[in-house]
2 protein chains.
Amino acid sequence: MANIRDIAKAASVSVSTVSRVLNDHPYVSDEKRKAVMEAVESLNFHKNLNAVHLSKGKTHVVGVVLPYIHQPFFSLILNGIAREASVTHSHIMLFQTNYEDDKEREALESLKGKQLDGLIVCSRTLPLSVIKSYSKHGPIVLCEETSDLQCVYIDHHSSILAGIEHLKQSGYRKIGLTLNRKSGTNTSQRVTAYKQACSEEFVFYNALNIEDGEEIVRCILENSSRPDALLVTNDYVAAGILNECRRNGVVVPDELALLSYDNQHLAESLEISSVELPLLEMGQEAFKLLSSEKPEKRELPFSLIHRKTT
Amino acid sequence: MANIRDIAKAASVSVSTVSRVLNDHPYVSDEKRKAVMEAVESLNFHKNLNAVHLSKGKTHVVGVVLPYIHQPFFSLILNGIAREASVTHSHIMLFQTNYEDDKEREALESLKGKQLDGLIVCSRTLPLSVIKSYSKHGPIVLCEETSDLQCVYIDHHSSILAGIEHLKQSGYRKIGLTLNRKSGTNTSQRVTAYKQACSEEFVFYNALNIEDGEEIVRCILENSSRPDALLVTNDYVAAGILNECRRNGVVVPDELALLSYDNQHLAESLEISSVELPLLEMGQEAFKLLSSEKPEKRELPFSLIHRKTT
DNA sequence: ATAAAGTATGAAACGCGTTTCATAGCAAAT
DNA sequence: ATTTGCTATGAAACGCGTTTCATACTTTAT
């Protein structure tokens with residue numbers, strides 16, 4: 001494939017001039033510009049982006065680290081990122097980690113190797129200190145509350161307290177909590193708030209999908225001591241719970257109230273009460289923070305949407 | 001940042017030797033290897049990936065073109081791609097197009113500029129001829145039936161016929177069809193098959209999400225001539241339909257049968273009959289096809305899962 | 001003993017666009 | 001008439017790792 005020097009030769013100009021033409025720099029006479037463009041045309045020239053990246057030291061690619069693409073929570077954040085990236089003509093490199101250290105490291109190494117201009121970590125398993133140590137190679141934004149790095153987050157502690165408050169006001173006393181993984185900043189915040197506000201503890205882990213919700217109902221029914229309300233990981237789990245309740249004749253919300261997280265279409269459609277999280281904005285803000293010079297922590301608000309399950 | 005020449009100097013060897021050490025080439029004496037590694041360590045050297053990419057002419061990055069990330073159909077394919085990519089330590093660059101020409105072009109241009117080693121197009125709006133014209137710059141795989149390019153696909157024509165057959169055998173006569181966009185290879189195949197098998201026509205477009213399903217029911221109820229069965233775009237639309245039917249006292253499947261596509265968890269959970277599509281495999285196959293030398297068309301099977309809505 | 005094969009190493013070219021610096025002509029300002 | 005400033009253009013350096021080629025020394029095979 002023809003390169004810029006071939007073009008220079010063909011157009012009888014210097015490579016600098018070719019580069020100027022290609023980049024719309026001023027200070028190129030019309031005739032030379034024309035000559036270059038003709039050469040470009042006839043030799044079917046196009047830039048090698050890797051050379052551009054190397055030379056410029058930038059790629060206009062940002063990495064996005066997330067555990068699962070298909071989970072609505074993350075795909076919405078991703079969507080927000082994509083939307084904002086599109087504005088600046090940046091591209092997105094995806095690192096689906098499944099919460100594996102190695103995969104997260106790959107992303108960090110790509111940043112280090114200048115393949116990425118920045119990195120957005122939607123969720124992680126690596127220690128914060130490790131992530132931070134890479135921040136000297138480029139901007140890193142986290143979607144959780146941290147003090148050392150740029151971050152966008154939701155105050156999950158408060159959201160849980162608000163949810164519990166809401167449930168208690170409606171007369172529910174034995175409030176349970178469903179969560180996905182056992183570790184993680186966001187999870188910890190939820191658990192801490194929960195333990196702070198509730199004496200009895202009904203905590204269900206590994207609750208992530210519809211079928212997990214169904215499983216939880218079965219689990220609850222087997223037990224004599226059962227919650228009368230649940231704060232649910234997300235709308236999908238709630239949908240599963242709702243579904244299995246119907247099958248088993250458990251009346252929602254009388255026998256079991258449900259307050260889920262995310263407030264996706266599904267919640268609206270099934271009339272599930274839900275804590276709305278501005279995930280799209282979260283992605284957008286995360287992207288914007290990449291190019292913010294000063295350290296910033298950006299908190300986003302949640303809001304409780306009251307429907308028929310509470 | 002130190003580069004390979006600095007290392008060479010510090011270790012008193014040639015750059016070739018440094019490169020050999022960094023790439024685990026044989027033919028390096030232990031002492032030189034040690035010297036290089038020490039220099040790498042003390043100067044905190046790490047490769048500039050853009051230089052590697054330029055030099056090697058490869059990036060180990062594949063582009064994925066899809067309209068919407070958050071749509072389960074595509075996020076599942078993406079998942080399959082990601083899974084397979086992870087095996088070869090390839091990375092994924094995401095091009096969410098919203099079916100905009102420009103975005104698709106960006107992906108194609110990235111391939112042309114050697115930023116990508118290959119491209120998987122999950123769905124497109126650009127004419128096939130345009131896509132094909134870029135295939136000289138790198139492998140392109142489509143997720144639809146084509147004769148000119150590598151592709152993985154499902155025979156949507158047959159799947160519609162099978163669905164209709166199934167519905168007819170159960171006694172339904174006025175079969176309707178819901179679709180998303182009006183154009184597209186997959187859509188066309190479905191429409192063609194539908195028109196071929198059904199004399200009456202009940203076709204609903206822009207059916208993609210839960211709320212679209214609800215809307216469709218409202219629309220159906222307003223009309224005197226209504227279908228008694230629907231072939232539905234995907235499980236989400238079916239869920240919306242199911243939901244709105246319940247609200248309006250329409251009994252499923254007696255008054256309205258539903259056969260959806262994709263067979264996601266949602267369908268299982270709501271006991272919706274669905275045509276299972278091997279989307280994960282589709283993604284995996286698509287990725288594998290990128291590195292297949294010979295032209296290949298790979299058809300994947302669908303299967304009809306009979307549940308309570310038919 | 002000699003050819004053949006393998007080990008080890010470095011110089012230089014290669015992949016390729018961008019950018020700085022120097023140079024030179026020409027117009028506007030003093 | 002002279003300085004200042006802008007327009008135009010090219011040579012060369014820069015970003016940086018990889019790879020080929022040539023060279024030279026060891027071994028192993030014949």
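In what follows, chains are A, B, ... by sequence order, proteins preceding strands, each numbered from 1.
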Query raised in the report: Who are the side chain to side chain donor-acceptor pair (under 3.5 Å) partners of Ser110(B), not counting sequence neighbours?
Result: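 By the side chain to side chain donor-acceptor pair (under 3.5 Å) rule, Ser110(B) matches Gln115(B).
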Requested in this report: Return the set of residues passing side chain to side chain donor-acceptor pair (under 3.5 Å) with His70(A) (not counting sequence neighbours), or none when no residue passes.
Outcome: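 Partners of His70(A) under the side chain to side chain donor-acceptor pair (under 3.5 Å) test: Asn79(B).
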Atom [atom1] of [X] to atom [atom2] of [N]: distance rounded to whole Å?
X: Arg33(B); N: dT7(C); atom1: CZ; atom2: P; value: 13 Å
X: Lys47(A); N: dG15(D); atom1: NZ; atom2: P; value: 19 Å
X: Asp24(B); N: dT19(D); atom1: CG; atom2: P; value: 13 Å
X: Lys9(A); N: dG10(D); atom1: NZ; atom2: C1'; value: 15 Å
X: Leu49(B); N: dG15(C); atom1: CG; atom2: C1'; value: 16 Å
X: His25(A); N: dG10(D); atom1: NE2; atom2: P; value: 15 Å

Has [X] got a side-chain N or O lying under 4.0 Å from the OP1 or OP2 atom of [N]?
X: Lys114(A); N: dG15(D); result: no
X: Ser19(A); N: dG17(C); result: no
X: Ser29(B); N: dT9(C); result: yes
X: Asn23(B); N: dT18(D); result: yes
X: Tyr27(A); N: dA8(D); result: no
X: Ser16(A); N: dT20(C); result: no

Listing, residues 279-290 of chain A side-chain donor-acceptor contacts under 3.5 Å, not counting sequence neighbours, or none:
from      : atom 1 : to        : atom 2 : distance (Å)
Gln284(A) : NE2    : Glu84(A)  : OE1    : 3.4
Glu285(A) : OE1    : Arg298(A) : NH1    : 2.2

**Report entry** Closest to side chain of Phe45(A), choosing from dT19(C), dT9(D), dG17(C)
**Finding:**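 In terms of side-chain proximity for Phe45(A), the closest of dT19(C), dT9(D), dG17(C) is dG17(C).
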**Report entry** Among dT9(C), dG17(C), dT20(C), the one nearest Arg20(A) by side-chain distance
**Finding:**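 In terms of side-chain proximity for Arg20(A), the closest of dT9(C), dG17(C), dT20(C) is dT20(C).
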Report task. Identify, with sequence neighbours excluded, every residue that meets ring-ring contact (aromatic ring centres under 6.0 Å, His included) alongside Tyr153(A). Result -> none
Report summary line: With five pairs defining each end axis, the helix from dA1(C)-dT30(D) to dT30(C)-dA1(D) comes out bent, to 10°, by 30°
Query - Passing option when Ser86(A) is tested against Glu100(B), Glu106(B), Lys103(B) for side chain to side chain donor-acceptor pair (under 3.5 Å) - result: Lys103(B)
Query raised in the report: Listed in order of residue number, which residues of residues 1-8 of chain B have a non-hydrogen atom at under 4.0 Å from DNA chain C?
Result: none
Query - Sub-4.0 Å heavy-atom contacts from residues 50-61 of chain A onto DNA chain C, ordered by number - result: Ala51(A), Val52(A), Ser55(A), Lys56(A)
Requested in this report: Not counting sequence neighbours, list each pair that qualifies as a side-chain hydrogen bond (donor to acceptor under 3.5 Å, both in side chains) and has a residue in residues 35-51 of chain B.
Outcome: Asn23(B)-Lys47(B), Lys34(B)-Glu38(B)
Query - Whether over 12 other heavy atoms sit under 6.0 Å from Lys114(A) NZ - result: no
List for me each residue that meets salt bridge (Lys or Arg N to Asp or Glu O under 4.0 Å) alongside [X], sequence neighbours excluded, and say none if there are none.
X: Glu299(A); result: none
X: Glu145(A); result: Lys297(A)
X: Lys136(A); result: none

Query raised in the report: Which pairs with one or both residues in residues 11-33 of chain B pass salt bridge (Lys or Arg N to Asp or Glu O under 4.0 Å), sequence neighbours excluded?
Result: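 Listed by first then second residue: nothing to list.
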**Report entry** Least distance between heavy atoms, Ile4(A) atom then Phe45(A) atom
**Finding:** N-CE1, 3.6 Å
Query raised in the report: Val15(A) near the nucleic acid: base, sugar-phosphate alone, or nothing, with a heavy-atom cut-off under 4.0 Å?
Result: base
